Amino acid sequence: MRLTNYLLPTLKESPADAEIASHKLMLRAGMIRKVAAGIYSYLPLGLRSIRKVEQIVRQEMDKAGAMELLMPMTVPAELWQESGRWEQYGKELLRLRDRKDTEFCLSPTHEEVITDIVRGTVRSYRQLPMSLYQIQGKFRDEIRPRFGLMRGREFIMKDAYSFDLDDASADISYDKMYRAYQNIFNRCGLNFRAVEADTGSIGGSSSHEFMVLAESGEDAIVSCDSCDYAANVEKAQIRLNNQQPPQAVGEVAEVATPGRKTIAEVANFLELPQNRLIKTLLVQTDTGEQLAVLLRGDRELNEIKLCRFLGCVEIEMVGEKTVVELTGAPSGFAGPVGLTCRIIADHEVRNMVDCVVGANAADMHCVGVCPGRDFEVAEYVDLRQAEAGDGCPRCEGLLQSWRGIEVGHVFKLGTKYSKALGATVLNREGKDVPLVMGCYGIGIGRTVAAAIEQNHDDNGVIFPMAIAPFQVMVTLLNAKDEQVVSVGNELYNTLLSSGIEAVLDDRADRPGSKFKDADLIGVPIRVTVGGRALKEGAFEVQVRGGGERQMMPVAETATWLVEEVQRQLAG
Ligand code: ATP
Ligand code: MG
């Protein structure tokens, strides 16, 4: 490819609405263009990286024995009604009508369509196990599309689905996909972790997310510093502290805390650390139960753990009116002493003594309070968000915390969709049984964006070789100099015929601006043709993101480049 007639609209400045590095750099490098919120065109350079990730995904899926197919984006409501998701899915599902007024959606995921295909085509256990995948555009009407391709509304996903006769064989299909995902993200050159994830409302028994470690990640994850336990904080368990609580010394006394409502305000006012306070949260479930949830003052509630424990889908904090009904005081002063609703507490609260709680009276708190002695707790449960320094639930190690970008997700679905849609096969005994399913997603665009989050500097992207849009950039210092042009073209052609994806910067621009563009778009190796080096029979070679510029004899350069590309591809 020659840059003179390549569509490469690089920008000097980052567009104002781009917050994170990958979004800024993909726009600046001319990889993508925004069409509407969360909807982008992939320009030629961006598409090359996208296609590379797709190719890696395809190869690893094929190797894992999955077959590629392609399903439509537009799916009739009927199928989604069969699974019950037409009603459940909410506003992320973009619904539309055709000219005959038939309802459709732009499918955000394809369990319904794939299950429909399989129920009509697979009849016997002999055809199993079977895995199918596609790489296709998805639409999700995200509330907050942001960060460019990271959280788009229209985006490219690889989605795969496995079908098995029973749980044991479904577990094997799941493990195969898990390993394929490890290969994929390794080959993409990413620093990632597979973490245990909550299975959420889709149901299903087990799920792992593949997280690219990056400060800008939307997910919080923890991992053990001594074993391989790693989990999304949504799900992460915390080792129980079995220490005996210390002996209580104080007695309950009320103190005035005028206008101090938050944990921080009360702790400051009483000159106590926040961990001496108990946070009392009054919550209400979607089934109408109201209860008090207690946590150590400096801890955060994990709503997912709470919902799991309560067996509900959602909880919310009760409104002001209910706070007054339950406590007799305005909000900010609730505490467990004398409360009549059910009280549950995080495990940690069991070990607290002489602590501070709201007094259920305006502008008042109680000090010297002990759980068990001064109020009853119905049940102690793991309810808090895991943090760095918490004990690992599997071993004696400690948890470390990270931010992560979820690039992939593997999920054991069980029989949810096969039962709902009647996808059964005849088993060995000739009996009809529902298929056991798994589903497996990878965000293709998000993977490219995540790679950029992990690999960039002030000057631009530093692409891992495997997903770089081009492998080698040949820059002509002076595109009017005949010798430069002819030697440069020769190198460029040699590289192309050796299977290297080379790009030739033959533009008439100043060298400085060419170098800026080369750094910005992140081609892993740059060869400069011209100047003093060429007079000495050499090229100047530089590896992006490290390494000195080196002079290399013209005759040796092509061979060296081919080897260096191979070396970097091998990781
Ligand atoms: P998230 O929690 O980020 O919304 P999700 O749990 O909704 O993700 P899945 O339904 O598991 O995502 O989708 C599979 C993969 O598709 C994700 O792992 C992610 O890489 C990608 N993906 C999901 N939503 C988006 C989006 N809005 N933009 C780009 N990629 C996405
Ligand atoms: Mg989502």
Side-chain angles (χ1 to χ4, degrees), residues 22 49-66 68 108-111 114 131-138 140 142 147-152 155-162 170-171 173-200 202 204-214 216-221 223 228 230-235 402-413 437-455 464 466-467 571:
S22 59
S49 278
I50 294 276
R51 291 284 185 251
K52 289 222 169 154
V53 173
E54 290 180 357
Q55 204 46 31
I56 292 172
V57 168
R58 219 170 241 125
Q59 286 167 358
E60 295 298 330
M61 284 295 113
D62 293 347
K63 224 161 76 188
E68 185 169 4
T109 172
H110 277 72
E111 284 79 6
I114 197 87
S131 290
L132 297 157
Y133 77 97
Q134 65 171 346
I135 296 177
Q136 186 231 26
K138 293 277 187 279
R140 293 183 183 180
E142 301 272 358
F147 300 159
L149 299 193
M150 204 68 97
R151 185 166 296 283
F155 57 96
I156 303 173
M157 195 201 284
K158 184 284 298 181
D159 46 327
Y161 306 88
S162 62
D171 287 350
S173 298
Y174 182 89
D175 290 343
K176 264 193 191 159
M177 282 290 171
Y178 184 103
R179 280 199 299 278
Y181 274 42
Q182 287 182 311
N183 294 343
I184 288 167
F185 298 121
N186 273 327
R187 284 182 61 187
C188 288
L190 295 166
N191 180 12
F192 69 96
R193 280 274 159 80
V195 306
E196 292 181 10
D198 184 64
T199 47
I202 311 183
S205 55
S206 167
S207 144
H208 285 88
E209 290 165 343
F210 287 75
M211 293 284 187
V212 167
L213 304 182
S216 59
E218 291 186 294
D219 286 275
I221 61 182
S223 68
D228 61 6
N232 192 313
V233 289
E234 289 180 350
K235 154 105 194 218
W402 314 85
R403 302 295 302 177
I405 300 166
E406 179 201 320
V407 287
H409 195 178
V410 294
F411 205 102
K412 288 184 194 171
L413 280 172
M437 293 172 57
C439 69
Y440 315 90
I442 290 181
I444 302 289
R446 191 183 279 186
T447 299
V448 173
I452 297 175
E453 279 307 312
Q454 247 178 16
N455 301 282
I467 63 170

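Everything numeric in this text was worked out from a predicted model, so none of it was measured. What's counted below: heavy atoms across the whole structure, side chains too, no hydrogens, waters or symmetry copies.
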So, do [X] and [Y] sit near enough that their side-chain heavy atoms are less than 4.5 Å apart?
{"X": "Ile135", "Y": "Met157", "value": "no"}
{"X": "Ile50", "Y": "Ile156", "value": "yes"}
{"X": "Ile221", "Y": "Val233", "value": "no"}
{"X": "Ser216", "Y": "Arg403", "value": "no"}
{"X": "Lys138", "Y": "Asp159", "value": "yes"}
{"X": "Leu213", "Y": "Phe192", "value": "no"}
{"X": "Thr447", "Y": "Val212", "value": "no"}
{"X": "Ile405", "Y": "Glu453", "value": "yes"}

Is there a donor-acceptor contact under 3.5 Å from the side chain of [X] to the main chain of [Y]?
{"X": "Gln454", "Y": "Ala214", "value": "no"}
{"X": "Ser162", "Y": "Gly438", "value": "yes"}
{"X": "Arg446", "Y": "Glu406", "value": "yes"}
{"X": "Ser49", "Y": "Ile467", "value": "yes"}

Legend entry - With Phe210 via ring-ring contact (aromatic ring centres under 6.0 Å, His included) - residues at least two apart: Tyr178, Tyr181, Phe185

Measuring from [X]:[atom1] to [Y]:[atom2], what's the distance to the nearest 0.5 Å?
{"X": "Ile442", "Y": "Ile444", "atom1": "CD1", "atom2": "CD1", "answer": "6.0 Å"}
{"X": "Gln136", "Y": "Thr109", "atom1": "CD", "atom2": "OG1", "answer": "9.5 Å"}
{"X": "Glu218", "Y": "Met211", "atom1": "CD", "atom2": "CE", "answer": "10.0 Å"}
{"X": "His208", "Y": "Lys235", "atom1": "NE2", "atom2": "NZ", "answer": "8.0 Å"}

Inset, instruction - May I ask you to establish whether Lys412 and Tyr174 are in a cation-pi arrangement, using a distance under 6.0 Å from NZ or CZ to the six-membered ring centre and at most 45° from the ring axis? - result: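 The answer is yes, since Lys412 meets both limits relative to Tyr174.
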
Legend entry - Under 3.5 Å side-chain donor-acceptor pair for Ser131 and Tyr161: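 Judged by distance alone, the side chains do not pair up.
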
Residues in salt bridge (Lys or Arg N to Asp or Glu O under 4.0 Å) contact with [X], at least two apart in sequence or another chain:
{"X": "Asp175", "result": "none"}
{"X": "Lys176", "result": "none"}
{"X": "Arg179", "result": "none"}

Legend entry - Counterpart residues, side chain to side chain contact (heavy atoms under 4.5 Å, CB included), relative to Asp62 (two or more places apart): Arg58, Tyr133

Legend entry - Qualifying residues under side chain to side chain contact (heavy atoms under 4.5 Å, CB included), relative to Glu234, sequence neighbours excluded: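 Side chain to side chain contact (heavy atoms under 4.5 Å, CB included) list for Glu234, sorted by chain: Asp198, Asn232, Ile304.
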
Inset, instruction - Could you check Gln182, Lys158, Arg187 and say which one makes a side-chain hydrogen bond (donor to acceptor under 3.5 Å, both in side chains) with Glu60? - result: Arg187

